[in-house]
Chemist: 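Sharing a structure below in structure tokens format, with a few things to ask.
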Amino acid sequence: YYEEKKQVLSDTKLTKKSRLEAVTEEDGREDNGTLFKDHFTSPSVIIESITIKNFMCHHSLGPFQFGPNVNFIVGSNGSGKSAILTALIVGLGGKATITNRGVSLRGFVKNGESTADVTVKLRNRGPDAYKGDVYGDSICIEQRISCDGVRTCRLKSKSGHLVSNKKEELTSILDHFNIQVDNPVSILNQEMSKQFLHSKSEADKYKFFMKATLLEQMKRDYIHIKQTKAVTREQVELQEECLKDLKQEFLQKKERYENLSSVGNMKKTLEDLKKMMAWCLVEKNIQVSMEAKLKRKNQLLASRSNKLKRFGDNMPDLLDTIYKAHIQGRFIKKPIGPIGACINLKDPTLAVAVESCLRSFMKTFCCDNYKDEAVLQELMSHYFSKGNRPQIIVSAFSNTVYKVQGRGVNHPDYPSVLDSLIIASPVITNCLIDMRGIESILIIKEKHAARKVMQHGRPPRNCREAFTVEGDQVYPNRYYTPDFSTAKYLGGDLETEIRQEVAQENQQRIDCEKKTMEEAKKELEEHQKRTGDVEGQYKDVRNRIEQLAEEMEPLKVNRCDSEFLMIPERRKVDRSAKSIDVEITRLRKKIGVQESSHGDHEEYAEALANYRDKSNQVRDLKKFIDRLDNIMSDRQTRYKIMRRSLSVRCKLYFNNFLIKMNCCGSMMFDHNNETLSISVKPPGRENDGMSDMRSLSGGERSFSTVCFILSLWEITESPFRCLDEFDVYMDMHNRRISLDLLLELSERQHLRQFFFITPLSTSNLPESDHIKIHQLQDPERAKGQTGE
């Protein structure tokens, strides 16, 4: 509704195409017998030329360079006169139905051709030029029509530069210059003349008058506005009913919002429970962490007696079973593995780097063939579950190591992974070359050096990636950090690792106990300020310290628990995590039920905003309707004044033109019944009663039609006028008078452009710089071709 409101209120011209001269009935005669002064100003646009190719039945016509004032297009039937007029309509964007020469544009493409081209050039000068800095002194409109009826438009500047190919730009040009290709006053072809002017119906003539003066367009606009107003009024009534409901809803939510104090208390209790749950999770994670460290310590201790247990507690038993199966002949070739147990480091400090590179292959076994792989899978099933079995790689065993000199990396300062390993078995070496490409991976201890080699310039030849001593993985365009900091499989000294683990654990306990003691002292001081029972509080704190001293250490808490760990203070936990979680769930559900039934501040604010918005919309729509009523009343009055003024002026001009041929007549408008009757008395029959145009001869009727057209030309504005075969039924006397009238009007309107199409001779026309005659050649038609 607001869009329609904006459209109606901004429509100050009633229609963007109409620019009519409004004069009143008080306009009088001039001394020279002319009824009204010429109000036309110098136009900035004329049609400079037109060129057609493969259009209708013509291979090529033009270019026709038109004069700025009067242009006669002369030629026999079939020479292309009407084709030029039709091409002008199509070139300016008109539809096929406007031309009255067809219902589809594809009918204008010459038989046997795929496309038709029409080029129209418009002059673009003066202060009213359209985008003069873009198009220059002329605008070239190129229209191409394909055989399937598709039209493409190209708008070019004077220099030939393509400015636009959009239909909207052409419409803007036509509106700017007030070019109305669908207005019969601008372009009147034979079919339009027959339909309206030579029709016996007085209603058709009235329709022609309304269409030519754009009063018909105004009338349609008014009808549309009235319909819009009616729809808007209905919507206002509906919105008023809706407004009542919104007000009631707003008042209900306001009342509910004011009863939310109990929900606030429950939310506070919920926050306290979340903090309690956080400390409960802390203690739980302490226990989990301690268990993980104990398990790691036990693995290290177990590795003292058997290095293979690093790869799993069941790995020694699996290898023993593989050995027995090989003795029994179940394997064609004995599998080799795990790979991590078959490799050693030249430099033990590179253990984390190598393990980061080969992490997924540490527990892998190698088989020579798929039969052996099936047997190994069956043996593994006794020691490992299906999802946790070591990987098996099947590849034919070879006793020689691959030659990698041409495809391996060779750096003067940093070794490759292959160079850093001591591998006794060629099978293991070849497997790691095939599966991991260890010959093309560098080990660069320092991080900054690794980034410099791999990312600050082109990487070394044949180098895909590199690893640092901390296990960081470096590519030319990305960098990854591992999730472990110590080697699990390739560690060299077990005793050292165990001592480091124990020392680290002890230090963490000491740090944690110190931190706990400081927090306890601070908490004790706060309790001393609040209570007088100092000894009792101190005793509780010391008991708590002794309970947690052996357990506390730095923890990494899962992200999913972050809601509970974001707490400002420690809480004493005397309940299980399960009971706390049950209470949290219960409170959340209760708060949800309360908020859904009572609403919250957001719902209250939303209801208030909706009520205010709807109230403002209804108020504005009412103001719009009231204002629209006033505007429409004023416009209707102006419309009737303009219609009466134009009809009076048309009658006066019509009578004036009849007088020039010693005739008299009348033109009667009946706006209520929408009819227009024209009565004429030919010369020598002045005493006879009035007769309508049907009683006149063909020439007299054509002359009367010309007078009607000239009358409309006098009261409407258009940059150019086109009249097709106006004199085809006239005798020489009426033709000479009609030509005199046309030339007289064109001389008075010398700043307008006129196109008169005729099949008759123009030898009797006066010589004048304002008149340009375009004589078309007689057609050369193929056998069987008829019509233009």
Chemist: Distance check, rounded to the nearest 0.5 Å: I757 atom CD1 versus I84 atom CD1?
Modeler: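 If we round to the nearest 0.5 Å, I757:CD1 and I84:CD1 are 7.0 Å apart.
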Chemist: Are any of the side-chain heavy atoms of P719 and I179 separated by less than 4.5 Å?
Modeler: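 P719 reaches I179 side chain to side chain.
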Chemist: Side-chain contact test, heavy atoms from C-beta onward, threshold under 4.5 Å: evaluate it for I715 versus T213 and give yes or no.
Modeler: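 A side-chain contact under 4.5 Å exists here.
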Chemist: So for atom CZ, which belongs to R643, do other residues, nucleotides or ligands contribute more than 12 heavy atoms lying within a distance under 6.0 Å?
Modeler: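 Yes, CZ of R643 has more than 12 neighbouring heavy atoms, counting only those of other groups under 6.0 Å.
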Chemist: Taking the side chain as every heavy atom from C-beta outward, state whether L162 and L155 have any pair of such atoms under 4.5 Å apart.
Modeler: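 Not touching, per the 4.5 Å side-chain cut-off.
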Chemist: Between D724 and S82, which heavy-atom pair has the shortest distance, and what is it?
Modeler: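 That closest heavy-atom pairing would be OD2-OG, 3.5 Å.
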Chemist: I'd like to know if the side chain of S186 and the backbone of D182 have a donor-acceptor N/O pair within less than 3.5 Å.
Modeler: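 Judged by distance alone, no pair lies under 3.5 Å.
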Chemist: What are the two closest non-hydrogen atoms of L188 and I709, and how far apart are they?
Modeler: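 For L188 versus I709, the nearest heavy atoms are CD2-CD1, 3.4 Å.
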Chemist: Answer yes or no: does atom CZ of R220 have more than 12 heavy-atom neighbours from other residues, nucleotides or ligands under 6.0 Å?
Modeler: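 More than 12 within 6.0 Å, yes.
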Chemist: Ion pair present between R748 and E714, side-chain N to carboxylate O less than 4.0 angstrom?
Modeler: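 Counted as a salt bridge, because a side-chain N and a carboxylate O are separated by less than 4.0 Å.
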Chemist: List the steps and the verdict of side-chain contact (heavy atoms from CB on, under 4.5 Å) for T86 and M56.
Modeler: CA-CA 9 Å; T86 302; M56 296 176 69; 4.2 Å; yes
Chemist: Check the surroundings of atom CG in D634: do more than 12 heavy atoms from other residues, nucleotides or ligands lie under 6.0 Å from it?
Modeler: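 Enclosed: over 12 neighbouring heavy atoms sit under 6.0 Å from CG of D634.
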Chemist: Using ring centroids (six-membered ring only for Trp), state whether F754 and F720 fall under 6.0 Å.
Modeler: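 So the answer is no for these two rings.
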Chemist: Which value, rounded to the nearest 0.5 Å, describes the distance between M667 atom CE and F654 atom CZ?
Modeler: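 CZ of F654 is found 4.5 Å from CE of M667.
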Chemist: Step through the shown structure and confirm whether more than 12 heavy atoms of other residues, nucleotides or ligands are within 6.0 Å of NZ on K772.
Modeler: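 Result for NZ/K772: enclosed.
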Chemist: Is the shortest side-chain N to carboxylate O distance from D626 to K622 below 4.0 Å?
Modeler: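 A salt bridge is absent here (no side-chain N lies under 4.0 Å from a carboxylate O).
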Chemist: Please step through ring-ring contact (aromatic ring centres under 6.0 Å, His included) for the pair F657 and F708, ending with a clear verdict.
Modeler: CA-CA 9 Å; F657 289 128; F708 184 27; over 10 Å; no
Chemist: For N71 and G67, indicate whether the former's side chain and the latter's backbone hold a donor-acceptor pair under 3.5 Å.
Modeler: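 Answer holds: yes.
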Chemist: Among V231, T232, I225, which residue satisfies the side-chain contact (heavy atoms from CB on, under 4.5 Å) criterion with T228?
Modeler: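 In the set V231, T232, I225, the residue that makes a side-chain contact (heavy atoms from CB on, under 4.5 Å) with T228 is T232.
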Chemist: If we ignore angles and hydrogens, is there a donor and acceptor under 3.5 Å between the side chains of E169 and Y130?
Modeler: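 Yes - a donor-acceptor pair under 3.5 Å links their side chains.
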Chemist: Between G93 and L170, what is the shortest heavy-atom contact and its length?
Modeler: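 Closest approach of G93 to L170: CA-CD2, 4.0 Å.
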Chemist: For residues C153 and N165, determine if any side-chain heavy atom of one lies less than 4.5 Å from a side-chain heavy atom of the other.
Modeler: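 Side-chain contact under 4.5 Å: no.
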Chemist: Using a strict cut-off of less than 4.0 Å between a Lys/Arg side-chain nitrogen and an Asp/Glu carboxylate oxygen, indicate whether E717 and R752 qualify as a salt bridge.
Modeler: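 So E717 pairs with R752 through a salt bridge.
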Chemist: Could you tell me how the ring of F72 sits relative to the ring of F756: parallel (under 30°), tilted (30 to 60°) or perpendicular (over 60°)?
Modeler: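 Judged by the thresholds at 30° and 60°, the geometry between F72 and F756 is tilted.
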Chemist: Just wondering, more than 12 heavy atoms not from R151 lying within 6.0 Å of its CZ?
Modeler: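 Yes - once you tally the heavy atoms of other residues, nucleotides and ligands closer than 6.0 Å, there are more than 12.
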Chemist: Any idea which heavy atoms bring S157 and V163 closest together, and the distance?
Modeler: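 Minimum heavy-atom contact is N-CG2, 3.9 Å.
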Chemist: Can you confirm whether Q636 is buried at CD, in the sense that more than 12 heavy atoms of other residues, nucleotides or ligands lie under 6.0 Å from that atom?
Modeler: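 Yes, enclosed.
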Chemist: Are the side chain of N673 and the backbone of T675 linked by a donor-acceptor contact shorter than 3.5 Å?
Modeler: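 Flag not set: sc N673 to bb T675 has no pair under 3.5 Å.
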Chemist: Between K81 (side chain) and G75 (backbone), is there a donor-acceptor pair under 3.5 Å?
Modeler: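 Present.
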Chemist: Before giving the answer on side-chain contact (heavy atoms from CB on, under 4.5 Å), spell out for T99 and F108 the whole-Å C-alpha distance, their side-chain angles and the decisive distance to 0.1 Å.
Modeler: CA-CA 11 Å; T99 65; F108 295 134; 3.4 Å; yes
Chemist: With no hydrogens and no angle check, is any side-chain donor or acceptor of S633 less than 3.5 Å from a backbone partner on N630?
Modeler: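 Side chain of S633 to backbone of N630, a donor-acceptor pair under 3.5 Å: no, none is there.
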Chemist: Keeping K156 on the side-chain end and E142 on the backbone end, is there a donor-acceptor pair under 3.5 Å?
Modeler: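 No.
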Chemist: Rounded to the nearest 0.5 Å, how far apart are NZ of K131 and NE2 of H176?
Modeler: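 K131 NZ to H176 NE2: 10.5 Å, rounded to 0.5 Å.
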Chemist: Under the side-chain contact (heavy atoms from CB on, under 4.5 Å) criterion, do K219 and E674 qualify, and how do the steps go?
Modeler: CA-CA 12 Å; K219 184 178 178 181; E674 297 185 347; 2.2 Å; yes
Chemist: Side chains of E48 and S138: does their closest heavy-atom pair fall under 4.5 Å?
Modeler: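 The answer is yes, as the side chains (C-beta and beyond) meet within the 4.5 Å cut-off.
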Chemist: Mind checking whether I771 and I773 have side chains closer than 4.5 Å, heavy atoms only?
Modeler: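 I771 vs I773: side chains touch.
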Chemist: Of all the heavy-atom pairs spanning I145 and L105, show the shortest one and how long it is.
Modeler: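 Looking at all heavy atoms of both residues, the shortest contact is CG2-O, 3.6 Å.
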Chemist: With side chains defined as the heavy atoms from C-beta onward, is the minimum distance between F177 and I139 less than 4.5 Å?
Modeler: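 A side-chain contact under 4.5 Å exists here.
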Chemist: Counting N and O atoms only, with roles assigned by atom type, does the side chain of S49 sit under 3.5 Å from a partner on the main chain of Q65, one being a donor and the other an acceptor?
Modeler: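 Side chain of S49 to backbone of Q65, a donor-acceptor pair under 3.5 Å: no, none is there.
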Chemist: Measure the spacing between CG of N69 and NE2 of H770 and express it to the nearest 0.5 Å.
Modeler: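 Between N69 CG and H770 NE2, I get 6.0 Å after rounding to 0.5 Å.
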Chemist: Do the charged groups of K226 and D221 touch, with an N to O distance under 4.0 Å?
Modeler: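 Looking at D221 together with K226, the answer is no, because their closest N to O distance does not fall below 4.0 Å.
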Chemist: Would you give the length of the straight line joining atom CG of L174 to atom CD of Q180, rounded to the nearest 0.5 angstrom?
Modeler: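 Answer for the CG-CD pair, L174 versus Q180, is 10.0 Å.
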Chemist: Going through the distances and angles, do V109 and T115 end up as a side-chain contact (heavy atoms from CB on, under 4.5 Å)?
Modeler: CA-CA 6 Å; V109 181; T115 60; 5.7 Å; no
Chemist: Please round to the nearest 0.5 Å and tell me the distance separating atom OG1 of T716 and atom CG of L646.
Modeler: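 Between atom OG1 of T716 and atom CG of L646 there are 9.0 Å.
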Chemist: Do Y206 and H671 have ring centroids that are under 6.0 Å from one another?
Modeler: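 Yes, the ring centres sit under 6.0 Å apart.
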Chemist: Look only at the side chain of S746 and the backbone of L743, and say whether a donor-acceptor pair between them is shorter than 3.5 Å.
Modeler: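 Checking the backbone N and O of L743 against the side chain of S746, a donor-acceptor pair under 3.5 Å is found.
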Chemist: Is a side-chain donor-acceptor pair under 3.5 Å present for T119 with T51?
Modeler: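 There is no such pair (donor and acceptor under 3.5 Å, judged by atom type) between the side chains of T51 and T119.
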Chemist: Is D629 paired with K229 through a side-chain N to carboxylate O contact shorter than 4.0 Å?
Modeler: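 Yes, K229 and D629 are salt-bridged.
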Chemist: If every non-hydrogen atom of S76 is compared with every non-hydrogen atom of D778, which pair is closest and at what distance?
Modeler: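 In this case the closest contact between S76 and D778 is OG-OD1, 3.0 Å.
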Chemist: Keeping the roles fixed (side chain from N183, backbone from A212), state whether a donor-acceptor pair exists under 3.5 Å.
Modeler: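 The answer is yes, because a donor-acceptor pair under 3.5 Å joins these two groups.
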Chemist: Below 6.0 angstrom between ring centroids: does that apply to F755 and F66?
Modeler: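 Ring centroids of F755 and F66 are less than 6.0 Å from each other.
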Chemist: Taking side chain as C-beta onward, heavy atoms only, is H58 less than 4.5 Å from L61?
Modeler: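 When only atoms from C-beta onward are counted, L61 and H58 do touch, with a gap below 4.5 Å.
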